[in-house]
Amino acid sequence: MRSLSAPAKNTWCPGCGNFAILSAIKPALNALEEEGLDLDRVVVVSGIGCHAKIADYLNVNSFYSIHGRVLPVATGIKLANPDLTVIGFAGDGDCYAEGLDHLIFAAKRNVDITLIVHNNRVYGLTTGQYTPTSPYGFKGRSTPGGTVERPLNPLEIVLSSGGSFLGRGYSHGIELLKTLFRQAILHKGFAFLDVLQVCATFYNMYNYYNQRVYELKDHDASSYSAALKKIREWDYNSEAQIALGLFYQRVLPTYEQSFSHLSPLVSPEREEAIRSTLESYI
Amino acid sequence: MRSLSAPAKNTWCPGCGNFAILSAIKPALNALEEEGLDLDRVVVVSGIGCHAKIADYLNVNSFYSIHGRVLPVATGIKLANPDLTVIGFAGDGDCYAEGLDHLIFAAKRNVDITLIVHNNRVYGLTTGQYTPTSPYGFKGRSTPGGTVERPLNPLEIVLSSGGSFLGRGYSHGIELLKTLFRQAILHKGFAFLDVLQVCATFYNMYNYYNQRVYELKDHDASSYSAALKKIREWDYNSEAQIALGLFYQRVLPTYEQSFSHLSPLVSPEREEAIRSTLESYI
Amino acid sequence: MAHPSEKPQVYRMFIYREVQISFLKSPVKGMDWARWFFQPDCCPSLQDRGANRMDSLSVLIGGKAGDGINEAGMLISRTLNQMGYRVYQYYDYPSLIRGGHNFSLVRAERYPIASHKDSVDILLALNQETVQLHQSRLNKESAIIFDDSQVQAEGMAIPVGRIIKEEAAAPIMRNTCMVGALCRAASIPLEVLEGAVVRHVKKKTELNLRVAGRAYKSAVERFSLERLDQEPMPIITGNEAIGLGLLRSGLGAYVSYPMTPSSSLLHFLANAGPDFGVKVVHPENEIAVVLMALGFAYAGVRSAVGTSGGGFCLMNEGLSLAGQSEIPLTLLVSQRAGPSTGGPTYTAQSDLHFVINAGQGEFVRLVVAPGDAEEAYFWSGLALDLSWRLQIPAFILSDKTLSESAYCFSLSRAGEPPEQPPERWDFQIPYQRYLRTPSGVSPLAFPGQKGAQIKVNSYAHDQSGLTTEDAFELASMQDKRMRKEAALNEALAEQMTVKSMGHLDSPTALICWGSNKGVCQEVGASFGLRVVQPVVLWPFPASQMGAALEGVEDLICVECNSTGQLARLMECQGLEPGRRILKYDGRPFSTEELAARLKEVV
Amino acid sequence: MAHPSEKPQVYRMFIYREVQISFLKSPVKGMDWARWFFQPDCCPSLQDRGANRMDSLSVLIGGKAGDGINEAGMLISRTLNQMGYRVYQYYDYPSLIRGGHNFSLVRAERYPIASHKDSVDILLALNQETVQLHQSRLNKESAIIFDDSQVQAEGMAIPVGRIIKEEAAAPIMRNTCMVGALCRAASIPLEVLEGAVVRHVKKKTELNLRVAGRAYKSAVERFSLERLDQEPMPIITGNEAIGLGLLRSGLGAYVSYPMTPSSSLLHFLANAGPDFGVKVVHPENEIAVVLMALGFAYAGVRSAVGTSGGGFCLMNEGLSLAGQSEIPLTLLVSQRAGPSTGGPTYTAQSDLHFVINAGQGEFVRLVVAPGDAEEAYFWSGLALDLSWRLQIPAFILSDKTLSESAYCFSLSRAGEPPEQPPERWDFQIPYQRYLRTPSGVSPLAFPGQKGAQIKVNSYAHDQSGLTTEDAFELASMQDKRMRKEAALNEALAEQMTVKSMGHLDSPTALICWGSNKGVCQEVGASFGLRVVQPVVLWPFPASQMGAALEGVEDLICVECNSTGQLARLMECQGLEPGRRILKYDGRPFSTEELAARLKEVV
Ligand SMILES: Cc1ncc(C[n+]2csc(CCOP(=O)(O)OP(=O)(O)O)c2C)c(N)n1
Ligand SMILES: Cc1ncc(C[n+]2csc(CCOP(=O)(O)OP(=O)(O)O)c2C)c(N)n1
Ligand code: SF4
Ligand code: SF4
Ligand SMILES: [Mg+2]
Ligand SMILES: [Mg+2]
């Protein structure tokens with residue numbers, strides 16, 4: 001079993017929920033390795049933000065990209081080589097603000113990649129501004145008087161965009177994260193996981209969450225209406241119980257399949273094809 | 001009553017559904033004018049595409065902006081001067097592809113503007129490529145073999161983003177458009193209208209739509225679940241009846257309200273404020 | 001056109017390879033090759049042609065958007081090509097789909113050309129506006145051929161309406177009618193036209209043939225266009241040539257969001273791509289475009305993107321990422337009239353400095369600006385190849401005129417872009433994506449390769465790709481990346497990065513770039529000038545430029561922008577760019593206009 | 001620091017206004033003003049100070065991210081300021097929130113400064129790493145003060161752990177402890193520190209006072225820092241100065257997406273904005289940022305945006321829209337180490353050419369690069385004002401060093417940016433948004449004004465703002481827009497766009513821009529050099545630059561980038577930029593480093 005720890009020094013704050021995600025993805029990958037997954041074919045893509053440092057901390061191929069762009073990069077990689085297992089790690093600022101349209105299109109296309117959003121509901125690395133999932137009235141550094149926007153519910157948005165796998169995890173719950181990561185990676189299609197990842201420094205919600213989270217039981221993840229109901233139970237704003245687990249899963253054709261038969265011609269076929277194309281232009 | 005026709009020559013194709021939108025917005029505005037709306041306070045914002053030419057054709061203030069960016073421009077204008085009536089005209093490529101995140105954020109913020117999307121389900125001005133609402137298998141110039149993506153349902157997405165006014169019109173139905181435009185403009189908050197605007201040249205759906213559209217009757221527009229049901233009835237892809245009308249409306253605080261008390265200090269208060277700020281930095 | 005016949009015409013061998021090749025392989029036996037290459041006005045046969053006997057032709061077909069004007073222009077071009085002519089087509093249209101005024105200018109000569117003339121021998125009018133708008137192009141010998149159901153004019157009335165009606169043809173076939181009439185007027189045998197229709201009109205071929213034939217019969221002969229003993233050639237647009245060049249260098253993915261005047265490359269590759277095994281993706285916006293392309297390249301697939309100025313703005317951040325992460329990226333940026341939406345279907349050369357300086361931070365890039373379809377093929381291929389060899393962004397800087405005009409294309413004249421596989425990982429453990437090497441280029445490996453961990457990073461990073469903020473690493477990795485400029489210059493030194501044309505001993509040089517090449521070459525030569533065209537614009541080819549300008553005392557920069565962007569670039573290199581002939585109304589120079597402007601300054 | 005005492009020191013009056021003002025108003029009576037302005041090493045009191053008696057201080061406080069290092073540095077600065085000193089603080093931190101190594105360098109002198117020294121008199125160590133990393137900064141007289149619960153070192157051990165524990169204080173207050181100990185070590189009266197704490201530490205003031213007092217008592221006197229008879233001054237960062245300048249010119253809206261090193265302006269305005277009636281918006285991304293700002297401006301509200309390179313990439317399309325639509329736009333672009341994410345908390349000057357050339361098409365823009373807080377105030381105000389007067393984009397080009405360093409600030413030295421209301425519509429009917437005028441500037445009106453239709457357009461347009469594709473209109477509107485360059489140059493001619501400092505008769509000039517001003521002014525003067533700083537970089541202030549360089553035979557460009565961007569810009573203007581001293585490791589020049597690098601070349 002390969003060690004998945006890269007030599008980079010970890011610089012997350014003590015108590016940061018990112019540690020849980022890191023600690024869950026490693027065994028999840030190692031378990032899949034035991035079942036035959038080639039770790040050399042795993043590619044991790046990250047954005048920019050505290051979350052994104054995970055690319056440095058995992059001993060696998062990685063593309064540490066730019067703020068908000070995990071998904072187009074991951075899509076390009078998967079289209080290029082469908083044999084790769086592509087896992088994106090994004091932030092909530094990253095994925096729900098800067099690059100929100102890519103999220104909707106990844107769901108729409110059902111490209112076979114996994115997206116794990118470290119949703120700490122704050123911009124961590126830029127020191128504490130509100131994000132699209134911060135609650136109404138959140139006092140951050142760009143909104144010292146409190147935000148005047150209601151939060152988005154990312155699961156509801158991905159569901160309405162055609163998502164085929166939707167789950168929610170919590171950074172205080174490594175076992176569930178392991179299970180969800182495994183399911184998401186194995187899912188054929190776009191697997192979306194919103195992880196309530198507590199930012200210990202700028203938005204410490206451990207107590208709040210601990211009192212409200214529960215794991216989905218007897219939930220029919222194949223039912224759209226059951227999923228919708230559970231997804232809307234908590235709107236990231238009002239008081240409510242917060243369900244964790246797999247909300248919805250269905251099977252749909254995947255995007256990259258439609259491209260997988262194509263690979264570039266090589267010499268001399270290529271030159272021949274050029275010549276005959278030119279021929280047709282006479 | 002002021003004439004709303006600008007001197008620009010109209011260059012839409014014969015039979016284009018944009019004419020219906022133009023023909024409906026003029027009387028809608030004139031009717032509101034009669035009721036006291038000051039047309040000098042109306043601002044039209046458009047993107048880039050065939051739809052956007054409406055900025056040239058309406059004899060009111062206009063900001064003919066760039067592809068995909070109707071909403072941030074409109075939001076800035078409304079924040080600057082809440083007394084203005086701001087109406088955005090966008091395209092489906094414009095608003096559902098290039099600038100989709102702005103749509104979600106406009107809904108999230110509930111900024112008091114109206115957005116009318118000329119949804120012809122094709123890029124008109126760039127001569128016929130698929131858009132996010134083109135059906136699966138659509139053969140456009142960028143997808144001669146047919147798209148391999150399922151369409152988005154824009155109403156469902158806006159609903160999931162917190163939209164407070166959602167409706168659908170059809171370019172073969174000026175009376176309904178007039179009604180919807182009026183309701184949308186009068187709505188306090190973000191009013192979103194998806195108009196099935198037929199592109200006569202690249203995607204002529206008149207027959208298709210004519211056979212399927214119907215007007216919502218006895219529909220409770222205050223009910224989220226009734227709205228969701230009607231919104232999901234047709235997914236822009238499969239065979240189904242296509243409902244037209246107002247799907248959902250609710251009252252929420254608007255975004256610009258939170259800013260409306262602010263207006264820049266002028267001399268000498270401003271200089272005084274600067275001096276006292278500096279004072280506090282000693 | 002201004003005709004400085006008093007100037008002595010010194011025919012000299014062109015120094016650059018492609019011309020020598022074309023000379024050797026010229027299908028025209030015993031031809032006067034120098035004349036074959038030079039401007040029309042010094043060729044006696046063009047001056048002294050008999051009243052109706054011609055060996056060149058300038059045709060305009062005009063009508064409304066939706067009348068199929070571009071297609072008609074192409075059909076005319078192909079027909080003239082079949083008559084043995086070298087052709088060039090310029091297509092002018094506003095940004096709308098139906099209505100408005102569109103026209104194609106087709107020019108045919110004995111020798112290769114890449115420019116249009118204002119004056120026309122035959123005006124084909126599908127509507128009245130065409131006659132009105134283009135009066136000034138006519139001289140007393142010009143013929144007007146028109147659809148008599150739509151147009152009132154003096155000239156050759158063709159019963160287009162009746163033919164269409166009687167044949168129950170679609171209105172769009174009015175354009176085929178006009179081409180039929182044109183052929184008769186120019187005494188082109190009907191079989192030649194029929195051959196072109198059969199080859200190129202795939203929809204309703206029979207009907208088109210019938211319609212063309214009837215129009216042919218209803219017209220009369222006005223000119224007698226000589227049939228030339230030259231093989232017909234492929235006629236392709238600049239964007240098609242770019243596409244073929246990219247395919248030649250192993251393109252595996254093309255990612256693009258439609259934007260005039262780059263879209264036709266997307267359309268071309270969406271059609272041709274599958275045959276070449278190319279994945280063509282049209283994503284949600286240009287940001288996704290560039291990031292997807294980088295994803296492709298990271299995974300080992302040669303990718304390219306295409307756009308115009310506004311879309312390129314949105315790619316800047318990805319471009320800078322390519323610079324830092326050293327992922328190969330090839331970009332077509334096809335310029336149009338700006339700023340902002342500007343004149344989206346009109347031409348400009350006003351993004352040169354933008355492209356050279358785009359993206360935050362400093363990194364090595366290549367910018368090539370081909371001047372015609374053949375250069376577009378060669379340099380697009382080379383750009384893609386160099387971007388892989390050196391792991392840098394490479395730009396193909398085109399403009400509306402090059403991208404959408406149609407040119408005769410010869411593969412042998414174009415030349416094959418050299419191919420040199422990038423350095424690959426030698427399986428030494430551990431793999432280091434950013435190994436510091438003397439050239440600055442680190443060996444490549446792709447995810448999936450056993451035993452290698454390929455870590456790319458937008459942050460400053462160490463050799464293995466892990467983030468670092470260490471002062472030494474920041475500076476030394478910047479040095480590593482910048483070293484590639486030397487390697488790039490070395491690779492470019494083997495190429496003809498600057499072309500010298502015209503009268504090579506003239507002390508006055510016309511400097512041009514991009515699509516202005518054709519008109520400058522032709523008009524410059526007719527003025528007895530040297531014509532110098534840098535094809536590579538960045539890194540600036542200082543030494544080849546210096547060589548090309550040896551003995552030059554007087555420089556004139558010809559550009560389609562309002563500030564003289566190449567002239568400014570030369571200034572930055574300590575070269576005195578001299579006078580400027582600038583045009584920024586969205587229209588390319590015609591031979592006549594350039595000659596007139598030149599007269600003012602020479 | 002290298003000390004070329006053999007060179008004769010020629011003190012000359014500075015030619016620029018702000019210095020004369022400050023001289024006249026100097027609070028220091030009878031002072032040697034020339035010395036007050038020059039570099040330390042030529043001031044005898046600094047050379048010959050008694051063993052412990054000092055009238056300058058260089059302090060470093062270091063610890064982990066989260067230890068409040070920047071705040072501690074600010075408190076030290078404010079305390080020294082209360083002692084009558086002019087201070088400068090540089091803050092160095094990696095891109096992380098907790099852990100990692102952060103440090104502040106605070107320097108205090110009798111005279112205004114804007115640079116840090118490598119060497120420190122007192123090192124305050126909150127952790128062991130600080131002692132290790134900064135050994136080389138110490139000389140035999142330097143003192144180390146450390147938290148004895150965390151650090152083992154030779155020097156002054158402070159029982160910080162015990163104090164914090166016994167006072168039940170938060171761990172963050174360890175920094176206050178260190179400042180307390182510093183004050184004792186430098187013989188700063190406790191009341192001075194207490195005054196600063198009361199004024200500036202708003203949270204748990206009492207507790208902080210107690211903690212500081214205990215640490216003060218546990219330390220011993222090492223140096224005797226003279227108390228100077230100078231009034232304390234506001235200490236503000238470059239970004240705060242930019243914010244105040246914008247407010248001064250009537251800012252009504254600030255729109256920004258967080259990005260280091262611009263974010264602190266967002267935070268400052270989010271706090272101060274409401275008092276000034278400013279609407280501060282943090283939208284979904286930078287594309288929305290720039291478009292919202294244009295919406296604000298269209299509706300008549302003066303808006304500005306702020307970002308760094310990567311975010312600026314995303315604004316390019318909006319920038320070009322501002323150019324075409326002639327909507328005023330003011331942008332703070334604060335540079336950091338690139339390309340791409342690069343070193344996000346480290347400094348660079350590598351986006352100059354990008355900013356000058358960004359956006360497709362050609363349009364007039366203003367680029368100013370202030371060199372310290374006072375220039376930041378003045379030029380930010382003027383940039384906003386000029387962008388409105390001329391309806392053009394105006395850039396405030398900053399960098400991490402300027403944006404986040406703290407400077408003593410004098411409003412009278414800074415000067416008030418001139419205000420000139422933009423030309424407004426005179427109610428002539430019909431209103432034409434793009435009226436062609438000799439200056440190129442069309443009178444403004446805003447939606448809501450009776451009888452005016454304000455149509456702005458990203459397309460080429462006619463005077464009324466309606467889209468046009470007409471060749472004449474395209475060219476003539478381009479001419480109209482470009483005419484504003486003359487108006488801009490005229491407005492700039494009234495300003496000191498280039499500053500000359502140091503030894504004005506020296507034939508050798510150090511050229512610098514942006515935040516390098518401070519270190520170049522100081523070190524250059526100590527080398528007997530002329531120091532020239534263009535504050536306006538575009539349009540390039542050719543004539544003032546020419547005047548500033550009169551008599552110069554030898555030029556040395558000092559820049560924080562790897563290619564010499566100002567040097568290249570000068571080359572483009574036909575100026576020979578001479579040698580280059582470049583640094584691109586993300587760290588600003590210290591006085592010592594610049595002196596050493598200068599020694600190599602002078
Ligand atoms: C285009 C761009 N804009 C802004 C930034 C600055 N930036 C870096 S990280 C970050 C916030 C990240 O927040 P989030 O995605 O929630 O990640 P977290 O730090 O909370 O894990 C921002 C705004 C950037 N790097 N690029
Ligand atoms: C950033 C950018 N990308 C691409 C374009 C090119 N473009 C102009 S219009 C258009 C399509 C418009 O489609 P849609 O919004 O559906 O409008 P329609 O023409 O169908 O009304 C595109 C892609 C552009 N102007 N700007
Ligand atoms: S700032 Fe928050 S999210 Fe970032 S490392 Fe610290 S605790 Fe984690
Ligand atoms: S192309 Fe389609 S959308 Fe555009 S004007 Fe023509 S019919 Fe209307
Ligand atoms: Mg976050
Ligand atoms: Mg459309």
Side-chain angles (χ1 to χ4, degrees), chain B residues 6-8 11 38 40-45 48 52-53 55-56 59-81 83-84 86 99 101-102 104-105 108-109 259-267 269-271 273-275 277-282, chain D residues 78 81 199 232-236 240 244 247-248 250-253 255 272-279 281 283-285 287-289 291-303 317-318 321 325 409 411 446-459 461 464-467:
Chain B
T11 59
D38 178 357
D40 280 332
R41 297 200 170 190
V42 172
V43 181
V44 157
V45 182
I48 294 296
K53 297 183 178 187
D56 274 348
N59 198 25
V60 293
N61 298 308
S62 62
F63 192 133
Y64 199 153
S65 77
I66 52 178
H67 185 58
R69 313 304 170 192
V70 169
L71 286 168
V73 169
T75 303
I77 295 171
K78 186 70 185 180
L79 283 175
N81 184 355
D83 292 342
L84 299 174
V86 184
D101 38 4
H102 309 308
I104 293 169
F105 279 84
K108 173 186 196 287
R109 295 184 186 122
F259 295 86
S260 55
H261 60 290
L262 298 165
S263 82
L265 294 186
V266 289
S267 286
E269 282 78 22
R270 189 173 64 191
E271 286 74 4
I274 288 174
R275 261 188 296 271
T277 306
L278 281 171
E279 202 53 36
S280 74
Y281 280 88
I282 297 179
Chain D
R78 300 203 190 281
N81 185 40
R199 279 186 70 82
M233 296 170 78
I235 300 176
I236 62 175
E240 286 162 347
L244 289 169
L247 291 169
R248 177 63 181 74
L251 188 75
V255 196
D275 293 342
F276 285 83
V278 176
K279 300 175 180 178
V281 190
E284 60 272 29
N285 57 32
I287 300 176
V289 165
L291 275 298
M292 275 193 196
L294 292 175
F296 269 109
Y298 167 74
V301 172
R302 295 190 168 210
S303 57
E317 202 192 358
L321 168 59
S325 64
F409 180 89
L411 202 49
F446 304 116
Q449 276 184 268
K450 275 251 132 316
Q453 237 140 90
I454 299 112
K455 296 187 98 69
V456 295
N457 200 336
S458 75
Y459 272 96
H461 44 257
S464 67
L466 295 178
T467 304

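Just so we're on the same page: letters track the sequence lines, and every chain starts at 1.
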| If you count heavy-atom pairs under 4.5 Å between each of B:Pro72, B:Pro7, B:Ala6 and chain D, which one has the most? | B:Pro72

| Which atoms of D:Leu321 approach chain B - backbone, side chain, both or neither, heavy atom under 4.5 Å | side chain

| task | Identify which of D:Phe409, D:Phe276, D:Tyr459 forms the greatest number of heavy-atom pairs closer than 4.5 Å to chain B. | result | D:Phe276

| task | Kindly say whether B:Val86 contributes a backbone atom to a donor-acceptor pair with the side chain of B:Lys78 at under 3.5 angstrom? | result | no

| task | Go through the atoms of D:Phe446 and report whether side chain, backbone, both or neither lie under 4.5 Å from a heavy atom of chain B. | result | neither

| message | Can you confirm whether B:His102 sits close enough to D:Met292 that some side-chain heavy atom of one is under 4.5 Å from a side-chain heavy atom of the other? | response | no

| task | Measure distances from D:Gln449 to the heavy atoms of chain B and classify the residue's part below 4.5 Å as side chain, backbone, both or neither. | result | backbone

| note | Assert top hit (heavy-atom pairs under 4.5 Å, partner chain D, pool B:Val60, B:Thr75, B:Asp101, B:Leu71) equals B:Val60

| query | Any donor-acceptor pair under 3.5 Å linking the side chain of B:Ser263 with the backbone of D:Gly277? | reply | no

| field | Region of B:Ile48 that comes under 4.5 Å of a non-hydrogen atom in chain D | value | side chain

| D:Ile235 side chain near B:Tyr281 side chain, heavy-atom distance below 4.5 Å | no

| Is it the side chain or the backbone of D:Ala297 that comes within 4.5 Å of chain B heavy atoms, both, or neither? | neither

| request: Check whether B:Ala55 gets within reach of chain D through its side chain, its backbone, both or neither, counting any heavy atom under 4.5 Å. | output: backbone

| Non-hydrogen atoms of chain B under 4.5 Å away: do they reach the side chain of D:Ser325, the backbone, both or neither? | neither

| request: Give the member of B:Arg109, B:Arg275, B:His67 that has the highest number of heavy-atom pairs under 4.5 Å with chain D. | output: B:Arg109

| request: Indicate the atoms forming the closest heavy-atom contact of D:Lys455 with D:Leu466, along with that distance. | output: CE-CD2, 3.7 Å

| field | Most contacts with chain D, counted as non-hydrogen pairs under 4.5 angstrom, among B:Ser267, B:Ala80, B:Ser65, B:Ser62 | value | B:Ser62

| Of the listed residues (D:Arg248, D:His461, D:Glu317), which shares the most heavy-atom pairs with chain B below a 4.5 Å separation? | D:Arg248

| query | Does any non-hydrogen side-chain atom of D:Gln453 lie less than 4.5 Å from one of D:Ser464? | reply | no

| field | Which portion of B:Asp83 sits near chain D, non-hydrogen atoms under 4.5 angstrom | value | neither

| What residue in B:Leu265, B:Asn61, B:Val44 has the most heavy-atom pairs under 4.5 Å with chain D? | B:Asn61

| Rounded distance (nearest 0.5 Å) linking atom CZ of B:Phe63 with atom CD1 of B:Ile77 | 6.0 Å

| said: Counting only non-hydrogen atoms closer than 4.5 Å, does D:Ala272 touch chain B with its backbone (N, CA, C, O), its side chain (CB onward), both, or neither? | reply: neither

| remark: Shortest non-hydrogen pair, D:Asn81 vs D:Met233, comes out as ND2-O, 2.6 Å

| Side-chain (D:Tyr298) to main-chain (B:Gly76) donor-acceptor, under 3.5 angstrom | no

| said: Counting heavy-atom pairs closer than 4.5 Å to chain B, which one of D:Arg78, D:Arg302, D:Arg199 comes out on top? | reply: D:Arg199

| Sub-4.5 Å side-chain heavy-atom contact between D:Asn285 and B:Phe105 | no

| query | Counting heavy-atom pairs under 4.5 Å to chain D, which of B:Ile66, B:Asp38, B:Ile104, B:Asn81 comes out on top? | reply | B:Ile66

| said: Is B:Glu279 in contact with chain D via its backbone, its side chain, both, or neither, using a 4.5 Å heavy-atom distance? | reply: backbone

| Side chains of B:Leu278 and B:Ile274: does their closest heavy-atom pair fall under 4.5 Å? | yes

| Under a 4.5 Å cut-off applied to non-hydrogen side-chain atoms, are B:Arg41 and B:Leu84 in contact? | yes

| query | Checking B:Asp56 against chain D: side chain, backbone, both or neither under 4.5 Å from a heavy atom? | reply | both

| request: Say whether, by atom type as modelled, one donor and one acceptor occur between the side chain of B:Arg69 and the main chain of D:Ile287 under 3.5 angstrom. | output: no

| request: With a 4.5 angstrom heavy-atom cut-off, could you sort out which part of B:Val43 is near chain D: side chain, backbone, both or neither? | output: side chain

